[in-house]
Amino acid sequence: MGSHPKSPTSFRRSTRIAHAGLDAPSPETGERGARPHAPPIYQTSGYEYPDARQAEEAAEGQRYIYSRYASPNEDALAGAVAQLEGAEAAVVFASGMGAIAAALESRLGAGDHVVSVHGLYGGTHELLVGLLPRFGVTTTFVDAATADAVAPAIRPETKVVYVEAISNPLLRVADLDGLSALCRDRGVALLVDATFATPLLCRPIERGATLSIHSGTKYLGGHGDAICGVVSGGRADVARLVPLRKMHGASLDPFAAWLVLRGLRTMGLRVERQVSSAATVARALVRMAGVERVWYPGLESHPDHALATRVLDGPGAMVSFEVAGGLDGARRVYDRLRLVSRAASLGEITSLMTHPARFSHLRVDAESRRRAGIADGLLRLSVGIEDADDLVEDLRQAITG
Ligand SMILES: *Cc1c(COP(=O)(O)O)cnc(C)c1O
């Protein structure tokens with residue numbers, strides 16, 4: 001320790017306090033050196049250099065400088081996600097919305113046009129209709145994420161087609177193969193929010209999309225303890241996002257990056273279990289008195305069942321269903337849940353439920369909700385890793401009790 005260049009013993013008390021602990025040996029290089037089994041958390045705002053030459057190398061982009069620009073925990077998570085996505089590169093953000101904003105801005109300027117689909121995640125819809133028009137970017141919304149629905153809306157100034165791999169809350173599936181062929185043909189970037197599908201079940205880059213986007217808050221982290229976003233794609237496409245992250249200040253905190261990477265390492269097990277339980281729950285709901293309709297892409301009755309079989313490696317772990325009695329019927333069921341949590345978000349190890357008409361779509365007028373197929377009695381379930389029979393029993397007692 002005495003060999004540390006800033007060994008503080010000769011300094012005055014306040015100086016020693018300010019530098020306390022900073023001369024501790026790194027576990028990888030110090031006297032008791034050994035490589036940590038879990039990655040360290042680089043919970044630092046920035047980096048210092050032993051000499052002027054290394055400081056200059058940092059300025060040239062060869063070393064870490066400041067954690068808003070880039071950090072080792074972000075880079076470790078980005079590398080892991082890129083690999084899972086089958087992409088050349090990835091960049092992580094402080095949130096899914098940070099990722100979505102940067103992904104759109106990386107492709108758009110004043111005068112440009114976007115084609116997207118009705119029923120997008122609320123935050124994305126707000127960005128497209130509430131903010132981007134102020135900067136001269138307009139969006140046309142079509143009814144389905146298929147080449148047939150999107151093609152007529154593409155104009156010479158269209159730069160982006162933006163879809164969600166599995167939509168909320170009716171779990172409609174995007175025809176990624178048809179859309180990527182269309183976009184390639186028309187020279188338009190295809191951006192896919194694959195949050196509901198997870199990289200285990202859907203890898204948009206491998207199917208020809210330009211950028212694949214995730215709210216890492218959901219299945220990637222999986223434990224409901226960190227907010228995060230990720231964008232994957234080709235090296236050059238992803239490189240356009242890095243300065244936007246820096247300018248927006250949408251960088252992911254090192255501890256949050258560490259948490260999401262820790263969660264990611266069990267995603268395979270979690271999602272496998274969640275998909276299998278979701279199928280059990282969906283089949284049980286179909287047979288339950290008081291349930292009028294079940295929306296799950298794994299059921300033959302779902303309008304996109306055949307498409308889901310083609311573009312997804314599994315139908316996901318979100319299940320939506322309509323109960324009898326409209327708003328009051330759904331409120332009653334929602335109120336009676338004992339195991340499933342009444343909570344926003346999804347993709348966590350515990351099961352969560354929302355009542356879209358009175359929650360995510362509360363500010364959407366009743367007529368627009370009906371047109372989007374969101375019935376008053378619709379409930380949306382994110383299936384967790386609990387025992388599937390316990391989930392079925394909780395739903396049964398809430399619905400039929
Ligand atoms: C949650 C979510 C987002 C936004 O992600 P945040 O991490 O909350 O910013 C975007 N898209 C979908 C589909 C989501 O579920």
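These values consider heavy atoms only, across backbone and side chains, with no hydrogens, waters or symmetry-generated copies. Note that ligands are numbered from 1 as they come in the structure, with each ligand's atoms numbered from 1 the same way.
- At the top of the distance list for atom 13 (C) of ligand 1, counting protein heavy atoms only, stands Asp193 OD2, 3.4 Å.
- Assignment of Gly98 to the shell around ligand 1 is not supported, since no heavy atom sits closer than 4.0 Å.
- At a threshold of 4.0 Å, the pair Asp335-Arg332 does not count as salt-bridged, since none of the basic side-chain nitrogens sits closer than that to a carboxylate oxygen.
- Of the charged side-chain nitrogens involved, none lies within less than 4.0 Å of a carboxylate oxygen, so that Arg107 and Asp112 do not count as a salt-bridged pair.
- Salt bridge status for Asp304 with Arg172: present, with a side-chain N to carboxylate O gap under 4.0 Å.
- The aromatic rings of Tyr69 and Tyr66 lie perpendicular to each other, with more than 60° between the two planes, well past the 30° mark.
- The residues Arg363 and Glu126 are annotated as not salt-bridged, no charged nitrogen and carboxylate oxygen being separated by less than 4.0 angstrom.
- At a heavy-atom distance under 4.0 Å, only side-chain atoms of Ile100, from C-beta outward, approach ligand 1.
- Distance from atom 8 (O) of ligand 1 to its nearest protein heavy atom, with residue and atom name: Tyr121 OH, 3.9 Å.
- Atom 1 (C) of ligand 1 has as its closest protein heavy atom Lys218 NZ, 1.4 Å.
- Using a 4.0 Å heavy-atom cutoff, Leu346 is listed among the residues neighbouring ligand 1.
- Contact annotation for Ser345 and ligand 1: no heavy atom of the residue comes within less than 4.0 Å of the ligand.
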